[in-house]
Amino acid sequence: MTSSADAGPAPGRSRRRLTLGAILHGSGGHIAGWRHPSSPPDGQLDLDHHIRLAQTLERGTFDALFVADVVAIWGHQYDSLRRTARADHFEPLTLLAALSTVTERIGLVATATTTYNEPFPIARKFASLDHLSAGRAGWNVVTSVVPLEAGNFGRDTHLDHSARYLRAEEFVEVVRGLWDSFDDGAVTRDTASGHYYDPAGLRTPHHAGPHFTVRGPLNISRPPQGHPVIFQAGSLEVGKAFAARHGEVLFTVQTSLAGAQAFYADVKARAAAYGRDGDHVLVWPVLSPFVASTQAQARARLAELQELVHDDVARRLVQDNIGDLDLSGYPLDGPLPHIGATNRSKSRQELMLDLARRENLTIRQLALRFATGGAVVGTPETVADHIEEWFTARAADGFNINFPYLPSAAEDFVDHVVPELRRRGLFRHTYETATLRGHLGLPRPQVGAGRRPVTAGQREGAGEGSR
């Protein structure tokens with residue numbers, strides 16, 4: 001069901017209000033989180049554990065929880081993989097469907113790749129989740145960063161960057177068209193007349209493009225939100241352009257306030273250039289909180305977790321995220337070797353290389369910094385200070401919280417940081433709306449309004465960079 005209050009920005013949202021999402025990893029977002037004494041080592045596949053986490057976040061009035069995904073085991077070096085929890089996790093839409101039955105207001109966001117999926121089943125799955133949750137679904141659109149995914153879909157090699165983004169452009173447009181297969185109110189279920197739907201309100205996309213031929217229509221009525229909210233991450237040219245055209249909430253990793261402000265201003269300007277309202281494109285940097293009653297205790301919690309990162313895992317963290325290279329012959333406490341061109345995520349590679357060079361980090365130091373990307377360490381007031389500074393300085397509209405270990409890090413944040421944010425007038429005390437769009441102050445798309453044709457220039461520019 002959709003209330004009239006959720007058709008556009010929520011009442012009382014004339015001024016900016018902080019928005020918060022949370023990444024839901026079974027045992028925590030840190031690579032060694034599953035080894036932390038307070039984390040259940042079997043948390044990846046423990047439904048009751050996920051239910052408790054979702055309900056904790058809802059108690060904290062988070063806008064959304066987010067389940068990341070890759071359609072492969074993350075890493076082919078089993079000596080290091082066996083020391084992580086990355087080989088064992090739920091399919092996200094299945095998990096979110098279950099969580100929709102035990103939560104009432106929090107948004108439910110899942111990753112689904114446009115590289116190794118087809119538009120019709122993705123449109124159907126997210127429309128179904130939106131109906132199951134009464135308007136709380138979100139789709140994190142990705143183009144796949146793990147080359148091993150290709151082997152699970154009949155390909156010997158990973159699609160290159162330009163091909164992945166060209167496919168993604170068309171994929172998103174087809175999905176939007178499928179979500180608009182039925183007009184609002186077209187499914188009448190009129191038992192007296194015997195009409196289940198009004199034929200005049202049925203649209204058949206008949207899409208035929210370079211990558212997809214999809215006749216349609218979708219076999220489920222229009223989602224309660226019109227379209228589930230589109231989440232996206234992109235930091236280099238083609239990624240930012242794609243995000244500015246399609247994204248409504250943008251994930252990003254930023255290592256400085258100035259860098260975050262520059263990214264924020266850039267993507268808002270790009271969105272405006274595509275005729276979009278910049279207020280309807282929210283920027284969420286990643287934040288990994290280590291919260292304790294004193295600064296010393298918070299630093300000790302960080303150090304405790306970092307000590308649990310095995311040498312093999314540290315080496316693979318850099319290898320898997322910076323590119324296709326072999327660091328086995330290099331000392332962990334020595335510098336990075338020269339890195340050549342790869343077919344990995346270029347934005348992630350550039351982020352890591354820039355950090356290593358700027359701070360003269362060793363391989364081990366770079367791995368540990370990457371393992372705690374977005375770390376803010378301190379008291380509840382310290383963490384709230386960071387959030388407030390970035391929010392008021394137009395470096396963020398909200399944050400994607402990556403709890404390093406679970407459930408206690410989430411409980412600490414909800415019980416101590418959220419009340420501080422509320423005391424400062426930055427964050428809601430209760431949910432004011434019922435849908436994810438309502439929480440975020442995003443308008444409900446009209447039928448057909450979300451489709452923006454891809455121009456020849458956009459197609460030609462798709463090879464200039466990557467996510």
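These values consider heavy atoms only, across backbone and side chains, with no hydrogens, waters or symmetry-generated copies. This structure is a prediction, so every number in the text was calculated from the model and none was measured.
In this model, no donor atom of one side chain and acceptor atom of the other lie less than 3.5 Å apart for Y405 and H25. Looking at N140 and T111, their side chains do bring a donor and an acceptor atom within 3.5 Å of each other. Counting only N and O atoms by type, the side chains of R176 and H246 include a donor and acceptor under 3.5 Å apart. At a cut-off of 3.5 Å, with distance as the only test, no side-chain donor of R444 or H227 sits close to an acceptor on the other residue. Judged purely by distance below 3.5 Å, without hydrogens or angles, the side chains of E149 and S144 pair a donor atom with an acceptor atom. D160 and S162 share a donor-acceptor pair across their side chains, judged by distance under 3.5 Å alone. Looking at H207 and E170, their side chains do bring a donor and an acceptor atom within 3.5 Å of each other. Counted by atom type alone, R422 and T61 present one or more donor-acceptor pairs between their side chains at under 3.5 Å.
Side-chain atoms of H50 come within 3.5 Å of backbone atoms of D46 as a donor-acceptor pair (strictly under, hydrogens ignored). Side-chain atoms of Q225 do not come within 3.5 Å of backbone N or O of T435 as any donor-acceptor pair. One N or O on the side chain of E91 and one on the backbone of T94 form a donor-acceptor pair closer than 3.5 Å. A donor-acceptor pair is defined here as one N or O able to donate and one able to accept, closer than 3.5 Å; no such pair exists between the side chain of K240 and the backbone of V267. Put simply, the side chain of R16 gets close to the backbone of F391: a donor and an acceptor are under 3.5 Å apart. In this structure a side-chain-to-backbone donor-acceptor pair under 3.5 Å is missing from Q55 to T103. Of the possible polar contacts, none joining the S39 side chain to the W34 backbone as a donor-acceptor pair under 3.5 Å is found. No donor-acceptor pair under 3.5 Å is formed between the side chain of E169 and the backbone N or O of F242.
Residues Y165 and H161 keep their aromatic ring centres 6.0 Å or farther apart. For F62 and H439, the ring centers are positioned 6.0 Å apart or more.
A cation-pi geometry, defined here as NZ or CZ lying under 6.0 Å from the six-membered ring centre and within 45° of its normal, does not hold between R203 and F182.
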For this session: Go through the steps to decide whether F399 and W390 satisfy the test side-chain contact (heavy atoms from CB on, under 4.5 Å), and finish with yes or no.
Result: CA-CA 10 Å; F399 291 86; W390 281 45; 3.6 Å; yes

Exercise. How far apart are the C-alpha atoms of D69 and L93, what are their side-chain angles, what is the distance that settles it, and do they pass the side-chain contact (heavy atoms from CB on, under 4.5 Å) test?
Worked result: CA-CA 10 Å; D69 192 41; L93 280 160; over 6 Å; no

Problem set entry | Step-by-step side-chain contact (heavy atoms from CB on, under 4.5 Å) determination, L96 to V67 | CA-CA 8 Å; L96 293 183; V67 181; 3.8 Å; yes

For this session: Determine, step by step, whether V229 and R437 satisfy the side-chain contact (heavy atoms from CB on, under 4.5 Å) criterion, reporting the C-alpha distance in whole Å, the side-chain angles of both residues, the deciding distance to 0.1 Å, and the verdict.
Result: CA-CA 7 Å; V229 179; R437 286 189 175 277; 3.6 Å; yes

For this session: Apply salt bridge (charged side-chain N to carboxylate O under 4.0 Å, His left out) to E432 and R17, showing your working.
Result: CA-CA 12 Å; E432 301 165 345; R17 181 173 296 177; 2.7 Å; yes

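Nearest heavy atoms, L108 versus S133: CD1-CB, 4.0 Å. Across all non-hydrogen atoms, the minimal contact from R164 to T115 is CD-OG1, 3.7 Å. For P217 against P205, the heavy-atom pair with the smallest separation is CA-CD, 3.9 Å. The shortest non-hydrogen separation linking L317 to A367 is CD1-O, 3.7 Å. Scanning both residues, Q232 and G239, for their nearest heavy atoms gives OE1-O, 3.7 Å. Nearest heavy atoms, T252 versus Q254: OG1-NE2, 2.7 Å.
Here CG of L95 is found 10.5 Å from CD of Q44. Values are rounded to the nearest 0.5 Å. The CG atom of D397 sits 5.0 Å away from the CG atom of L282 when rounded to the nearest 0.5 Å. For the atom pair W179 CH2 and S221 OG, the distance stands at 14.0 Å (nearest 0.5 Å). Taken from OG1 in T188 to NE2 in H195, the straight-line distance is 8.0 Å, to the nearest 0.5 Å. With rounding to the nearest 0.5 angstrom, the CZ atom of F231 is 8.5 Å from the CG atom of N400. Taken from CG in L20 to CD1 in I387, the straight-line distance is 6.0 Å, to the nearest 0.5 Å.
Looking only at side-chain heavy atoms (C-beta outward), P92 and F66 stay at 4.5 Å or farther from each other. When side chains are defined from C-beta on, I106 does not count as touching D63, because their heavy atoms never get closer than 4.5 Å. The shortest side-chain heavy-atom distance between S288 and F403 does not fall under the 4.5 Å cut-off. With contacts defined as side-chain heavy-atom distances shorter than 4.5 Å, the pair T191/Y196 does not qualify. Using a 4.5 Å heavy-atom threshold, the side chains of L148 and I73 count as separate. Side-chain contact between I31 and V313: present, with at least one pair of heavy atoms (C-beta onward) separated by less than 4.5 Å. Residues L287 and H386 have side chains in contact (heavy-atom distance under 4.5 Å, counting atoms from C-beta outward). By the 4.5 Å heavy-atom criterion applied to side chains, E411 and V414 are not counted as neighbours.
Between E118 and R167 there is a salt bridge, since at least one side-chain N of the basic residue sits less than 4.0 Å from a carboxylate O of the acidic one. A salt bridge does not link R136 with D130: none of the charged nitrogens is closer than 4.0 Å to a carboxylate oxygen. Under the 4.0 Å criterion applied to side-chain N and carboxylate O atoms, E237 and R270 are assigned as salt-bridge partners.
Classification of the F171-W139 ring pair by plane angle, with boundaries at 30° and 60°, yields tilted. Ring geometry for F251 versus W284: interplanar angle of 30 to 60°, hence tilted.
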